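Below is one structure; the comments refer to it alone.
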Amino acid sequence: MPAAPPAAPDTTTDVVLVVDFGAQYAQLIARRVREARVYSEIVPSTMPVAEMLAKNPRAIILSGGPSSVYAEGAPSLDRALFEAGVPVFGMCYGFQLMATTLGGTVDDNGAREYGRTSLAVSKAGSTLFEGTPTEQPVWMSHGDACSAAPEGFTVTASTDVVPVAAFENDEKKLYGVQYHPEVMHSTYGQQVLEHFLYRGAGIEPTWTTTNVVEEQVALIREQVGDRRAICGLSGGVDSAVAAALVQKAIGSQLTCVYVDHGLMRKGETEQVEKDFVAATGAKLVVVDAEKRFLDALAGVSDPEQKRKIIGREFIRVFEQAQLEILQEEGPEVAFLVQGTLYPDVVESGGGTGTANIKSHHNVGGLPDDIEFQLVEPLRQLFKDEVRMVGQELGLPEEIVQRQPFPGPGLGIRIVGDVTKERLDLLREADAIAREELTAAGLDRDIWQCPVVLLADVRSVGVQGDGRTYGHPIVLRPVSSEDAMTADWSRLPYETLAKISTRITNEVADVNRVVLDVTSKPPGTIEWE
Ligand SMILES: Nc1ncnc2c1ncn2[C@@H]1O[C@H](COP(=O)(O)OP(=O)(O)OP(=O)(O)O)[C@@H](O)[C@H]1O
Ligand SMILES: O=c1[nH]c(=O)c2[nH+]cn([C@@H]3O[C@H](COP(=O)(O)O)[C@@H](O)[C@H]3O)c2[nH]1
Ligand SMILES: NC(=O)CC[C@H](N)C(=O)O
Ligand SMILES: [Mg+2]
């Protein structure tokens, strides 16, 4: 099922639209706007301008993109966007598009700039550059350049090779920069962006996670009414926060359902049963569905197929739970609450013209014939924002700061088909790695550390003077801010050595431990 793009929040919040031209950094722009405490949403550049304006945006930001504005078939925008009286800020491709659409000139004059560049601000008191130095480092990534600004625009900055590196038309509230203010290497980028939002567009910085809680509670009450809902609860951060939000909205009309699909880590089910209920007082049903999942996964080694099967089986289990809950007196159970986040949606190809990287079980892996209406209060948010909402709701630190664990669990950490035997082996290895990382005090330094079993790979070893022919285990420790990008964590050698020794000694059939030293991109965090 194609994932629906995130719905517009039906709220009174000032929304800033980020129009995505296929940029590497659209996510980052949206984040930076929210860091400026203004709510933002990403829309595809293919959305008709009338539809964009119908969202009543307080301002619009045009992202960068790989195309050249003068190339045939390059994404364009109806001029009406610039004439609607809504303040617009173009960055890189967005800047070039604003220039050409309004009568300026953009061409390939050989002036390529990639990476750190020095920007010379020629109009220090301009709306965007007020209070920033006349020489400032900025991050560039372009091959085309604007050689003449449109009529009515003032050129406010240049570089050694680009005569028009920024311009503005304050009267019409139109602004543009050739560089990328959204990346951290552009030292004054956040300040320039905030100048656009506060000074150019006149927006007050009022958006916080408190607004999210209040708005979502009101929306959920309206959506669910006096009917009942179930919440898929995994013990992870996202579902804990989603459950707490929904519980705040509809109280005892909510029942949480934890699915033990046999793909969980060691001790996880017991922990969820004890800790989550203790922390929240939520009604919890635990379903043992190991046989069902393992039967459905038997013989399947293709990662996407695994994800689709797991997504489908999750829904079938929720449907069964619904029938059981219906046995108790009460209204219809019409809703399924999921802790879906923005990155789950984007990676499943539900973003703005974005590719399907992998079908997250809760978005791209959902079956077509799902009967529940979905309640996904976190669908617009990034993980760090969700953690803030969790804190706001008073959830304990152990839950709010937990490392992520994917819904398909160890099923997507076995490269090869999934069997009970292989799961047990991986569970042991994973438990050892987690134990040692915790003992070394590294839990908060890393984002997560998938432990992967290469079930179809064997290598020769020597153990107890005898030959072994066992499987490798991969350690994949990563650091990240929001799972959209990641780097491999530089763990201390002693910790790695301890993990390696213990796994090869304690886990039968494993004779090798290897370390994954790939960032994301090009690798993803999980192997499947
Ligand atoms: N074992 C499970 N039982 C019930 N629901 C689940 C289970 N695993 C995942 N889900 C549902 O799928 C959603 C997405 O899973 P995901 O792993 O992204 O989130 P999470 O487990 O809540 O948080 P985290 O990302 O921190 O692990 C969850 O929010 C939850 O609604
Ligand atoms: O609930 C989930 N369902 C999924 O299908 C899924 N796939 C990946 N992940 C988690 O998402 C983050 C990004 O992972 P990738 O870099 O592997 O795409 C990482 O934190 C992964 O653990 C999932 N979570
Ligand atoms: N990063 C961008 O937006 C690049 C815009 C355009 N493709 C250029 O090379 O100039
Ligand atoms: Mg999880």
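Counting starts at 1 for both ligands and their atoms, in listed order. Note that the structure is predicted; figures quoted are calculated from it, not measured.
- When non-hydrogen atoms are compared, ligand 1 lies under 4.0 Å from the backbone of L233 (N, CA, C, O) but not from its side chain.
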TODO: Starting from the C-alpha separation in whole Å, work towards a yes-or-no answer on salt bridge (charged side-chain N to carboxylate O under 4.0 Å, His left out) for R316 and E313.
DONE: CA-CA 5 Å; R316 298 290 97 97; E313 292 307 314; over 6 Å; no
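- We find that K274 and E398 are not joined by a salt bridge, their nearest charged nitrogen and carboxylate oxygen being 4.0 Å or further apart.
- An N or O contact shorter than 3.5 Å is missing between P406 and ligand 1 by distance.
- Compare H360, Q338, H261, H361 by their heavy atoms: the one nearest to atom 12 (O) of ligand 1 is in H361.
- Note: Y175 and F89 fail the aromatic proximity criterion, with ring centroids not under 6.0 Å apart.
- The single protein non-hydrogen atom nearest to atom 21 (O) of ligand 1 is S234 OG, 2.5 Å, given as residue, atom name and distance.
- By the criterion of a heavy-atom distance under 4.0 Å, the backbone of V257, and not its side chain, is placed next to ligand 1.
- Side-chain atoms of T438 and D443 form a donor-acceptor pair, as typed in the model, at a separation below 3.5 Å.
- Inclusion of Q96 in the set of residues having an N or O under 3.5 Å from an N or O of ligand 3 is warranted.
- Only the side chain of N362 comes within 4.0 Å of ligand 1, counting heavy atoms alone; its backbone N, CA, C and O stay farther away.
- Within ligand 3, the atoms closer than 4.0 Å to a non-hydrogen atom of G64 are 3 (O), numbered from 1 in the order shown.
- There is no side-chain donor-acceptor pair under 3.5 Å between T209 and E385.
- For atom 1 (N) of ligand 3, the nearest non-hydrogen atom from the set A23, S141, S67, G90 comes from S141.
- Among the backbone and side-chain atoms of F405, an N/O/S atom is found under 2.8 Å from the Mg ion (ligand 4).
- Aromatic pair Y179/F95: ring centres not closer than 6.0 Å.
- Among M264, Q403, E268, K383, the residue whose heavy atom lies nearest to atom 24 (P) of ligand 1 is K383.
- Counting only N and O atoms by type, the side chains of Y258 and T269 include a donor and acceptor under 3.5 Å apart.
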